[in-house]
Amino acid sequence: MSHSPQSDGGDKTKLRFKTLFISDVHLGMPDSKAAQAAHFIRHCLCDKLVLNGDIIDAWHLRRLGGWNKSHTNFIRTVLRKMEKENTQIIYLRGNHDDILDRFIPIQFESFTITDDHVHNTPKGDYLVVHGDGFDAVTSKHAWLAKLGGFGYNALLRLNRIYNGYRRLRGKDPFSFSAWIKHKVKSAVSAVGQYEEQLQHLARQRGCIGIICGHIHKADNKLVGDTHYLNSGDWVESMTAIVENFDGSFEIISYPDFCRLTHRDPKGAAAESEDSFPPEASAIPM
């Protein structure tokens with residue numbers, strides 16, 4: 001990984017990037033890895049931070065609530081980067097935080113809330129969107145998407161119990177959602193169609209690449225002649241996209257970050273250093 005470490009006292013360092021792209025934190029959900037996401041953002045210096053949708057899970061909050069101190073701390077961490085580090089913040093609306101529809105586009109100093117964003121690089125422009133508009137279930141059958149979200153939350157709760165049992169037996173964590181995604185051919189096909197539709201959108205907008213989230217599957221590859229990047233999520237895989245100062249893009253996971261900065265992981269991540277890699281992430285939501 002190409003990164004610029006900066007000493008933070010002792011053996012610990014901060015990572016320096018040009019841009020960070022993070023999505024699908026789902027603040028308000030019990031399974032949100034808000035503490036780990038805040039820890040990651042706090043110790044990565046960047047000129048621009050793009051929050052690419054589903055940062056707040058309003059769907060879950062409306063039904064069940066669930067906001068806690070770690071979720072508030074995540075918001076404070078983001079605002080502190082703007083205030084103390086002069087970081088530009090771009091917040092893109094997702095489907096779970098669609099309550100923002102009534103406010104966008106809006107800007108407060110260097111904090112912008114909008115639908116999409118064109119990210120300029122020396123090699124060409126990248127279109128940044130959450131991606132829910134290209135998920136047929138989310139865009140055409142909102143009720144079914146919300147039902148699927150309820151099922152996904154139930155699956156995560158079951159996964160917590162099952163992985164507690166696996167830890168007692170000395171076994172590695174297991175992701176039900178990743179297993180389902182890899183086993184169900186229609187889910188794999190849906191992901192492929194999603195990537196192709198975003199490729200076409202990028203080309204229509206004159207961009208060489210697309211940066212998205214939504215499907216909880218981190219990726220960095222070519223789809224046709226378009227550079228496709230997906231930042232994954234902070235519910236299971238804990239991944240982000242980083243832009244280095246040489247113009248290259250990479251996926252970085254939370255365990256990568258802890259190793260590179262010599263920091264101990266926060267919360268449940270301490271139990272899942274060998275957790276699910278980017279390709280073993282959640283089914284489309």
Side-chain angles (χ1 to χ4, degrees), residues 1-6 14-25 37 40-41 44-55 77-94 97 100 103-134 194-215 217-233 239-252 257 278:
M1 174 174 291
S2 173
H3 65 282
S4 302
Q6 178 173 313
K14 290 188 175 184
L15 300 182
R16 186 79 169 91
F17 300 108
K18 184 176 180 181
T19 314
L20 290 181
F21 301 86
I22 184 171
S23 69
D24 298 274
V25 182
F40 169 73
I41 290 174
C44 286
L45 302 173
C46 58
D47 298 333
K48 179 162 68 175
L49 169 62
V50 180
L51 303 169
N52 195 3
D54 285 2
I55 303 302
T77 299
V78 170
L79 294 177
R80 195 175 296 119
K81 291 193 78 66
M82 180 183 70
E83 295 169 359
K84 303 295 186 182
E85 300 174 16
N86 201 30
T87 302
Q88 180 187 8
I89 309 294
I90 307 291
Y91 189 130
L92 304 181
R93 180 202 65 83
D97 44 20
L100 296 173
F103 305 114
I104 58 177
I106 192 169
Q107 184 169 353
F108 307 98
E109 297 183 5
S110 56
F111 194 117
T112 302
I113 305 174
T114 187
D115 272 318
D116 57 48
H117 173 67
V118 176
H119 179 69
N120 308 120
T121 79
K123 297 178 182 178
D125 293 341
Y126 282 72
L127 180 63
V128 190
V129 295
H130 180 61
D132 56 291
F134 297 86
Y194 174 80
E195 295 169 352
E196 290 173 4
Q197 289 175 351
L198 285 170
Q199 176 211 9
H200 295 320
L201 176 64
R203 294 179 66 182
Q204 289 171 6
R205 298 282 293 270
C207 295
I208 65 168
I210 188 90
I211 303 173
C212 61
H214 184 57
I215 62 171
K217 184 179 185 298
D219 223 333
N220 178 4
K221 64 184 179 182
L222 282 176
V223 177
D225 57 357
T226 299
H227 190 189
Y228 171 88
L229 292 153
N230 192 305
S231 51
D233 71 282
T239 54
I241 295 292
V242 299
E243 180 191 17
N244 299 304
F245 283 94
D246 63 3
S248 63
F249 291 87
E250 296 179 79
I251 297 170
I252 181 171
F257 156 79

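- With hydrogens and angles disregarded, a donor-acceptor distance shorter than 3.5 Å links the side chain of N230 to the backbone of G213.
- Under 3.5 Å, the side chains of N52 and H214 contain no donor-acceptor pair of N or O atoms.
- K221 is listed as a side-chain neighbour of E195, based on a closest heavy-atom distance under 4.5 Å.
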Verdict with reasoning, Q199 to D225, per side chain to side chain contact (heavy atoms under 4.5 Å, CB included)
CA-CA 8 Å; Q199 176 211 9; D225 57 357; 3.8 Å; yes
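- Taking the ring centroids of H119 and F21, they lie under the 6.0 Å cut-off.
- Within the 3.5 Å criterion, the main-chain N or O of S231 finds a donor-acceptor partner in the side chain of T239.
- Going from atom OG of S110 over to atom CG of N86 covers 6.0 Å, rounded to the nearest 0.5 Å.
- Within the 4.5 Å cutoff, the side chain of I210 has no heavy atoms near those of the L229 side chain.
- The backbone N or O of K123 lies less than 3.5 Å from a partner atom in the side chain of T121, making a donor-acceptor pair.
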Is there a side chain to side chain contact (heavy atoms under 4.5 Å, CB included) between D47 and F245 once you walk through the steps?
CA-CA 10 Å; D47 298 333; F245 283 94; 3.9 Å; yes
Please test Y194 against I215 for side chain to side chain contact (heavy atoms under 4.5 Å, CB included), starting from the C-alpha separation and ending with a verdict.
CA-CA 9 Å; Y194 174 80; I215 62 171; 3.7 Å; yes
Scan the side chains in residues 77-84 for donor-acceptor partners under 3.5 Å anywhere in the protein, sequence neighbours excluded, and list what turns up.
| from | atom 1 | to | atom 2 | distance (Å) |
| --- | --- | --- | --- | --- |
| T77 | OG1 | N73 | O | 2.8 |
| K81 | NZ | I41 | O | 3.1 |
| K81 | NZ | C44 | O | 2.7 |
| K81 | NZ | E85 | OE1 | 2.8 |

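- With rounding to the nearest 0.5 angstrom, the CD1 atom of I89 is 9.5 Å from the CG atom of L20.
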Residues R205, D116; criterion salt bridge (Lys or Arg N to Asp or Glu O under 4.0 Å); working and verdict:
CA-CA 11 Å; R205 298 282 293 270; D116 57 48; 3.7 Å; yes
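- Relative ring orientation between F249 and Y126 is described as tilted, the plane-to-plane angle lying within the 30° to 60° band.
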Using the rule given for side chain to side chain donor-acceptor pair (under 3.5 Å), can you reason through E250 versus N244, listing the C-alpha separation, both sets of side-chain angles and the distance that settles it, and then say yes or no?
CA-CA 8 Å; E250 296 179 79; N244 299 304; 2.7 Å; yes
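- Residues T87 and C46 have side chains in contact (heavy-atom distance under 4.5 Å, counting atoms from C-beta outward).
- Distance CD1/I113 to CD1/I106: 6.5 Å, rounded to 0.5 Å.
- Legend: residues meeting side-chain contact (heavy atoms from CB on, under 4.5 Å) with N120, ordered by chain and number and at least two apart, are V118, D125.
- Partners of Q88 by side-chain contact (heavy atoms from CB on, under 4.5 Å), not counting sequence neighbours, listed by chain and number: K48, I90.
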Would you please test L92 and T114 for side chain to side chain contact (heavy atoms under 4.5 Å, CB included) and show each step?
CA-CA 5 Å; L92 304 181; T114 187; 3.4 Å; yes
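- A search for side chain to side chain donor-acceptor pair (under 3.5 Å) contacts involving D97 returns Y91, not counting sequence neighbours.
- The CG atom of D233 sits 10.0 Å away from the CD1 atom of I22 when rounded to the nearest 0.5 Å.
- Here CG of D132 is found 10.5 Å from SG of C212. Values are rounded to the nearest 0.5 Å.
- At a threshold of 4.5 Å between non-hydrogen side-chain atoms, the residues Q204 and L127 do not count as touching.
- Taking the ring pair (Phe, Tyr, Trp, His ring centres under 6.0 Å) definition, one finds that F40 meets it with W234, F257, sequence neighbours left out.
- Here the straight-line distance linking atom OG of S23 with atom CG of L51 works out to 9.5 Å at 0.5 Å rounding.
- For D115, the side chain to side chain donor-acceptor pair (under 3.5 Å) partners at least two apart in sequence or on another chain are R93.
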